[in-house]
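Ligands are counted one by one from 1 in listed order, and the atoms in each one are counted from 1 as well.
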Amino acid sequence: MKVACVAGARPNFMKVKPVLDALEARSVETLLVHTGQHYDALMSDVFFDDLRLRKPDRYLGVGSGTHAEQTARVMTSFEQLLREEPVDVVVVVGDVNSTLAAAVVGAKQGAVVAHVEAGLRSRDWRMPEEVNRVVADRVSDLLFAPSEDAAENLRNEGYRDDQIHLAGNVMVDTLLAARTRALERPILATLGVQPGTYGLVTLHRPENVDTPDVLLPLLGILGELAVDLPLLLPAHPRLRAALGGSPVPRGIRLLDPLGYLDFVALEASARVVLTDSGGVQEETTMLGVPCLTLRGSTERPVTVTEGTNVVVGRDPARVRLGFRRALNGEIEVRRPALWDGRAGERIADVIAAERPGRLRPTDLSRASAAGPTLRSVPAATS
Ligand code: UD1
Ligand code: UDP
């Protein structure tokens, strides 16, 4: 049996690593495909070294573009790849454009499609990731949910029980595997900061960074918080482009994007993290660091109900209140079930049990409830 594992953007590398390792440990032949959605050294290459991820077997080099352009480039390149090199299973991770594109192509090429991180729902259709998640799940045969709420979403949408596997969180596998190496990094000394004396910020969602009328007030609130606690902000290229060289408020220190080990080292010693990232909400929960999510909703409610995450949105009063609570140690530290470092193994066990050459099921009645009903579901935890 041959399995293609597809990664394309920064958060995909952490997700694909434990699955690839566990498949190889079970002597399953793997093909690592990098779509090239992210391509800068600090958005891509650095993660191969930091995560000890082997070099990709195939690089599609799709680069940036509009949603349709980028998705289409992944689809045409990946379709060509699968024609040249057919596989039995296509593993896609997360919710980026590369995830959606590879899942659709894999399904049409007759591969068994496995979605790692299935079932997450923000219920916010303005987020491109929500569209990507729902479509990727819909064309997947194997749905690996990171948490019980995600499995429940899938059941509610009508997926069959035999498709849904509560596997746990692969980001956590990677974090636990790399944590010791991360904590050995000298990044705090390099930046001249002490543990617990700074906040860490990431911002890259289009809804937060693409419109100056939203971004500037948001930076204004962060500038206010930075009077009490200096903030480090490793800037995603989307934020860098939005800033276009404009200064940020005093107390906010803009950095280049960081490698995984340096970023985790800073996360682990931060007094508080403010973010709109999905993965960072999960990592802070695992590290026991308070996290304020600068969005109206989260597709990862377990980080709120069983973790350190508080969804504060962009309302200054809520951000200030969350910040005070974090600084006063009022945010409880808890860890979700099955976030134990073994999600990759559970996923590989299921994939390795697939029959080589199995045809995709002809039962198109699955997930019959998905689609229209989702649009009327109220907002998730906030
Ligand atoms: C993408 C994902 C998002 C994910 C994020 C992780 C989609 C729709 N979005 O958003 O879900 O949270 O990655 O970081 O898939 N750019 C560079 N260098 C790079 C890559 C991008 O300069 O290596 C710039 C380009 O100008 C590009 C812009 O960043 O147009 C946005 O990149 P893109 O991959 O389209 O979306 P992200 O905002 O990175
Ligand atoms: N990350 C990193 N360097 C940074 C910012 C984030 O290595 O400068 C890591 C972070 O530890 C997490 C992942 O990138 O593992 C999250 O990716 P991102 O926030 O880009 O995407 P999202 O999770 O929101 O899809």
Exercise. When you look at CD of Glu84, are more than 12 heavy atoms from neighbouring residues, nucleotides or ligands closer to it than 6.0 Å?
Worked result: yes
Problem set entry | More than 12 heavy atoms from other groups under 6.0 Å of CZ on Arg58 | yes
Exercise. Which is closest to atom 25 (C) of ligand 1 in terms of heavy atoms, Gly94, Ser64, Ala241?
Worked result: Ser64
Exercise. For ligand 2, which atoms sit closer than 4.0 Å to a heavy atom of Leu258?
Worked result: 2 (C), 3 (N), 4 (C), 7 (O), 8 (O)
Exercise. Is the shortest distance from a heavy atom of Gly259 to ligand 2 less than 4.0 Å?
Worked result: yes
For this session: State whether the side chain of Arg133 and the backbone N or O of Glu117 hold a donor-acceptor pair below 3.5 Å, judged by distance alone.
Result: no
For this session: State the atoms of ligand 2, each with its element, that fall below the 4.0 Å cut-off from a heavy-atom position in Phe47.
Result: 7 (O)
Exercise. Does the distance from a Lys or Arg side-chain N to an Asp or Glu carboxylate O, for Arg52 and Asp21, drop under 4.0 Å?
Worked result: no
Exercise. Among Gln37, His204, Met127, Met43, whose heavy atom sits nearest atom 12 (O) of ligand 1?
Worked result: His204
For this session: Could you name the option among His38, Gln70, Arg10 that has the heavy atom nearest to atom 35 (O) of ligand 1?
Result: Gln70
For this session: Applying ring-ring contact (aromatic ring centres under 6.0 Å, His included), name anything that partners Tyr59, two or more places apart in sequence or on another chain.
Result: His34
Exercise. Run the side chain to side chain donor-acceptor pair (under 3.5 Å) check on Thr293 and Asn309 step by step: do they pass?
Worked result: CA-CA 7 Å; Thr293 294; Asn309 190 16; 2.6 Å; yes
For this session: Indicate whether any N or O donor in one side chain lies under 3.5 Å from an N or O acceptor in the other, for Asn169 and Glu282.
Result: yes
Exercise. Touching ligand 1 at all, Pro11? Heavy atoms, strictly under 4.0 Å?
Worked result: yes
For this session: Could you tell me whether some N/O pair between Pro234 and ligand 2 is separated by less than 3.5 angstrom?
Result: no
Problem set entry | Ligand-side contact atoms (ligand 2) for residue partner Ser277, heavy atom cut-off under 4.0 Å | 16 (C), 18 (P), 19 (O), 22 (P), 23 (O), 24 (O)
For this session: Mark up the atoms of ligand 2 that fall under 4.0 Å of a heavy atom belonging to Gly278, in ascending order.
Result: 22 (P), 23 (O), 24 (O)
Exercise. Do Arg314 and Asp276 pass the salt bridge (charged side-chain N to carboxylate O under 4.0 Å, His left out) test, and can you show the C-alpha distance, the side-chain angles, and the key distance before you say yes or no?
Worked result: CA-CA 10 Å; Arg314 288 185 297 259; Asp276 58 13; over 6 Å; no
Exercise. Relative to the heavy atoms of Met14, which atoms of ligand 2 are at a distance of less than 4.0 Å?
Worked result: 9 (C), 13 (C), 14 (O), 15 (O)
Problem set entry | Identity of the nearest option to atom 20 (O) of ligand 2, non-hydrogen atoms only, from Glu129, Met43, Arg10 | Arg10
Problem set entry | Polar proximity ligand 1 side, His67 side, N/O cut 3.5 Å exclusive | no
For this session: Tell me which protein heavy atom sits closest to atom 19 (C) of ligand 1, plus the residue, atom name and distance to 0.1 Å.
Result: Tyr39 CZ, 3.5 Å
Exercise. Salt-bridged, Arg320 to Glu224, with N to O below 4.0 Å?
Worked result: yes
Problem set entry | Glu129 contact mode with ligand 1 (heavy-atom cut-off under 4.0 Å) | side chain
Exercise. Is there a heavy atom in Arg240 that sits closer than 4.0 Å to ligand 1?
Worked result: no
Exercise. Taking only heavy atoms of Tyr260, which atoms of ligand 2 are found under 4.0 Å from at least one of them?
Worked result: 7 (O), 11 (O), 15 (O)
Problem set entry | Interfacing atoms of ligand 2 (cut-off 4.0 Å, heavy-atom, Met171) | 12 (C), 15 (O)
Problem set entry | Proximal candidate to atom 29 (O) of ligand 1 [heavy atom criterion; set Gly63, Pro237, Pro206] | Pro237
Exercise. Is the closest heavy atom of Arg205 to ligand 2 under 4.0 Å?
Worked result: yes
Exercise. Can you tell which part of Phe263 has a heavy atom less than 4.0 Å from ligand 2: side chain, backbone, both or neither?
Worked result: side chain
